[in-house]
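Chain identifiers are assigned alphabetically (A, B, ...) following the order of the sequence lines, protein sequences preceding nucleic acid strands; residue numbering begins at 1 within each chain.
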There are 2 protein chains.
Amino acid sequence: MANDKVTSAQVAALAGVSQSAVSRVFTPGASASKKTVERVRAAALELGYRPNALARGLITGRTRIIGLVVAYLDNQFYPVALELLSRALQERGYHILMFMAGNTTDKIAEVVGELMDYQVDGIITASVAMSNDLTTRCAAAGIPVVMFNRGQDDARLSEVTSDNVAGGRRAAEFLLAGGHRRIAHVMGWQGSSTGRDRAAGFSQAMRAAGVAPVAMIDGMYNRETAASVARDLFSGPDRPDAVFVGNDHMAFAVMDVLRFELGLSLPGDVSVVGYDDVPLASWPAYDLTTIRQPVRRMVDATVDALMAQIEGDGMPRKLQIDGSLIIRKSARTP
Amino acid sequence: MANDKVTSAQVAALAGVSQSAVSRVFTPGASASKKTVERVRAAALELGYRPNALARGLITGRTRIIGLVVAYLDNQFYPVALELLSRALQERGYHILMFMAGNTTDKIAEVVGELMDYQVDGIITASVAMSNDLTTRCAAAGIPVVMFNRGQDDARLSEVTSDNVAGGRRAAEFLLAGGHRRIAHVMGWQGSSTGRDRAAGFSQAMRAAGVAPVAMIDGMYNRETAASVARDLFSGPDRPDAVFVGNDHMAFAVMDVLRFELGLSLPGDVSVVGYDDVPLASWPAYDLTTIRQPVRRMVDATVDALMAQIEGDGMPRKLQIDGSLIIRKSARTP
DNA sequence: CGGGTTTTTGCAAACGAATGCAAGAAGGGG
DNA sequence: CCCCTTCTTGCATTCGTTTGCAAAAACCCG
């Protein structure tokens, strides 16, 4: 049966037609008579023939491979997104070539270079920034790029995020409405647009209410950092009575420190609000009040944007998807 | 600069050498004089040339792409493994083409078929079983397959697991040593080797101690199922005083039910032992006593096995990596 | 400086499929 | 039944590389 490499020529021979005929049978939208189709199909089945995607890609210029660059997977938001992305693309006949990149510029450049070697049809970056130079290279090569959950001020890039400014504002307003006046913000990494936007929204709402934040400290989207920030912030004599944390991943760390190291109760002593609404946030051990990022819709938007640019003549687009506040038990309810 | 498609021929023209020369400069281990190398490198840099991986793959028969098939990512063990795998392979110049497959046979077959279309150099399956037919096809195509965290009785397949039988035994022994006599087991999915092996080890140790398990129920490696199993098991009048759960992911669900629905205290009322030691297990909100699967070593072994078969003449191998018991606070300590 | 070795080089043939072109087959209408 | 149109088909070229082969160049040593 299916031996090492079956080529279209072998199928052609068996079916008694030319190699072109075989190709046409396997190329959607090419012309072939009913009889040829049948004979070729039969021969292909017998030999276990499947078209070689590399050869096809070489000549058509499309590989149906999407490059995915992601910085880390320990924040649960990303595996969830990855799973959805992968499924959505698979449904449309595309496949994901995956790369882990630290968030350093040159590592990312290296990785994008390798992606381009494989002639990917498009690139999705998750929680990763593109340097200007890199964007230029992708644009020159005609490879559309869409940034998932990160924004950047460059018209050549598509981006899909939640409305982070609104989200930050919403978090602050909720805490204020709960009667809190000593509110701190453990910020998302200030090197990222999401971190900055959420912080900006938070500040905005605080200012509007005439309340000054107790502190705004960068938690780097990192569990350890967030924990140590929480320790500093809450060990002193006049500690905050509420904290908005830049994402759920850090919020869990903060809650751990508050409850298990400092013996504080939530929401009795302190209110905590997170951002993302990852699955773990709804588990009773945390039961975290948080701003939801609608992953599913974000993923759909990402795939749509990419497909529009690959298959149609779509232009880069910037989308913000609104996320609602999910009220649970980690923060006092107004 | 870097225009749409730069080919080796263009570089050759600019450098004043033949196209073959360019190829040789970019092929490790090919002969080229110092002078040629220099001139070609310079020209390549100027034009932004990079070898087309598709064309290269077409002729060499190696793509440096590894197909990865994974069933789900909601169990934290897999994202962690995925990240390590991806990094390890990247270091060796390989890349991951990722596929999500449910655990249904035909879905997997479909996915493996698509993988083969891309002429992958090897396949890693994580928490996924291979049908006999599929294994045959891969073997015929000369594509090595290594199963990560799953075993199968087929000499053509490599596999890397932890020593699940020993692990299950260890868990039971630990609970027995803690003085428990009413011990239940929420089993890992019995359709998987890991689930069966852990259960077998557990049974073995119980039998050796002359203690009959209170219950052994399949939790399907699924959070909801595990939770409802826990509800049934622990709501009755004479509930177990200890439970060994087939993996951490389910153990968290069980703990949630025990503590937050049934108001039981751990390890006071009930002892819980899990399997995997995912990062979350060490967070104080769970602080789960568990059998560690040494992911890093498992990943290294996986990559080694794969490389041996791809680059050398290695035979398929079956590896079991021993994992130790990590004692935390969810179970009574002897 | 000559004869023999070793390196470097270009030529041309792969790899496996898609596709423009022109010829052949089939179909349709009067 | 013939002519004109529409479908199918095969031929040959193309995509961007690697690589075997043989010629050319460089090197070495006496």
Side-chain angles (χ1 to χ4, degrees), chain A residues 2-41 43-44 47-65 114 116-121 141-142, chain B residues 2-41 43-44 47-65 114 116-121 141-142:
Chain A
N3 214 308
D4 202 351
K5 293 275 144 101
V6 188
T7 74
S8 56
Q10 296 174 36
V11 176
L14 181 62
V17 296
S18 75
Q19 179 268 328
S20 331
V22 177
S23 167
R24 284 192 255 260
V25 169
F26 285 92
T27 308
S31 89
S33 72
K34 210 164 179 181
K35 202 174 59 182
T36 324
V37 172
E38 263 169 25
R39 302 218 321 234
V40 169
R41 282 251 131 80
L47 297 172
Y49 169 75
R50 311 205 60 179
N52 180 324
L54 264 51
R56 174 178 281 180
L58 187 54
I59 195 159
T60 60
R62 344 199 106 285
T63 51
R64 305 192 79 83
I65 297 181
E114 294 178 35
M116 297 180 67
D117 293 350
Y118 282 97
Q119 317 293 115
V120 295
D121 288 348
Chain B
N3 212 309
D4 202 352
K5 295 274 143 101
V6 188
T7 74
S8 55
Q10 296 175 36
V11 176
L14 180 64
V17 296
S18 76
Q19 180 270 331
S20 330
V22 177
S23 168
R24 284 192 254 261
V25 170
F26 285 93
T27 307
S31 87
S33 72
K34 209 166 179 176
K35 201 173 61 183
T36 327
V37 172
E38 262 169 25
R39 302 224 314 240
V40 169
R41 281 251 131 79
L47 298 172
Y49 169 76
R50 311 204 60 178
N52 181 324
L54 264 51
R56 172 178 285 179
L58 185 55
I59 195 157
T60 59
R62 345 200 105 282
T63 52
R64 305 191 80 84
I65 298 181
E114 295 178 34
M116 297 179 67
D117 292 350
Y118 282 98
Q119 317 293 116
V120 294
D121 288 348

CG/B/Leu58 to CD1/A/Ile59 distance, rounded to the nearest 0.5 angstrom?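 With rounding to 0.5 Å, CG (B/Leu58) is 10.5 Å from CD1 (A/Ile59).
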
In whole angstrom, give the distance that lies between atom [atom1] of [X] and atom [atom2] of [N].
{"X": "B/Lys5", "N": "D/dT17", "atom1": "NZ", "atom2": "C1'", "result": "14 Å"}
{"X": "B/Asn52", "N": "C/dA17", "atom1": "CG", "atom2": "C1'", "result": "14 Å"}
{"X": "A/Arg39", "N": "D/dT8", "atom1": "CZ", "atom2": "P", "result": "15 Å"}
{"X": "A/Gln119", "N": "C/dA18", "atom1": "CD", "atom2": "P", "result": "17 Å"}
{"X": "A/Leu54", "N": "D/dT18", "atom1": "CG", "atom2": "P", "result": "13 Å"}

Go through the structure and list residues passing salt bridge (charged side-chain N to carboxylate O under 4.0 Å, His left out) with B/Arg50, not counting sequence neighbours.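 Salt bridge (charged side-chain N to carboxylate O under 4.0 Å, His left out) list for B/Arg50, sorted by chain: A/Asp117.
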
Taking protein heavy atoms under 4.0 Å as touching, what does nucleotides 5-15 of chain C look like 5' to 3' if B marks base contact, S marks sugar-phosphate-only contact and - marks none? ---BBBBB-BB

Checking all strands, does A/Arg62 fall into the base, sugar-phosphate, or nothing category for heavy-atom contacts under 4.0 angstrom?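 It contacts nothing in the nucleic acid.
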
Look at all strands and tell whether A/Ser23 reaches a base, only sugar-phosphate, or nothing, counting heavy atoms closer than 4.0 Å.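 The answer is base, as A/Ser23 lies within the cut-off (heavy atoms under 4.0 Å) of a base atom.
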
Can you list, pair by pair, the side-chain donor-acceptor contacts under 3.5 Å of residues 11-28 of chain B, counting residues two or more places apart and other chains?
residue, atom, partner, partner atom, Å
B/Ser18, OG, B/Ser20, N, 3.4
B/Ser18, OG, B/Ala21, N, 3.3
B/Gln19, NE2, B/Ser8, OG, 3.2
B/Thr27, OG1, B/Ser23, O, 2.7

Considering just the side-chain nitrogens and oxygens of B/Tyr49, establish if one lies under 4.0 Å of OP1 or OP2 belonging to D/dT17.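 It does, given that an N or O in the side chain of B/Tyr49 lies less than 4.0 Å from OP1 or OP2 of D/dT17.
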
Can you tell me which residue pairs pass the salt bridge (Lys or Arg N to Asp or Glu O under 4.0 Å) test with a partner in residues 52-63 of chain B, sequence neighbours excluded?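 Every pair satisfying salt bridge (Lys or Arg N to Asp or Glu O under 4.0 Å) with a residue in residues 52-63 of chain B: B/Arg62-B/Asp121.
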
With sequence neighbours excluded, residues passing side chain to side chain contact (heavy atoms under 4.5 Å, CB included) with B/Lys35: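 With sequence neighbours excluded, B/Lys35 shows a side chain to side chain contact (heavy atoms under 4.5 Å, CB included) to B/Ser33, B/Arg39, given in chain and number order.
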
Please enumerate all residues that pass side chain to side chain contact (heavy atoms under 4.5 Å, CB included) together with A/Gln119, with sequence neighbours excluded.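 Partners of A/Gln119 under the side chain to side chain contact (heavy atoms under 4.5 Å, CB included) test: A/Thr63, B/Lys5, B/Asn52, B/Leu54.
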
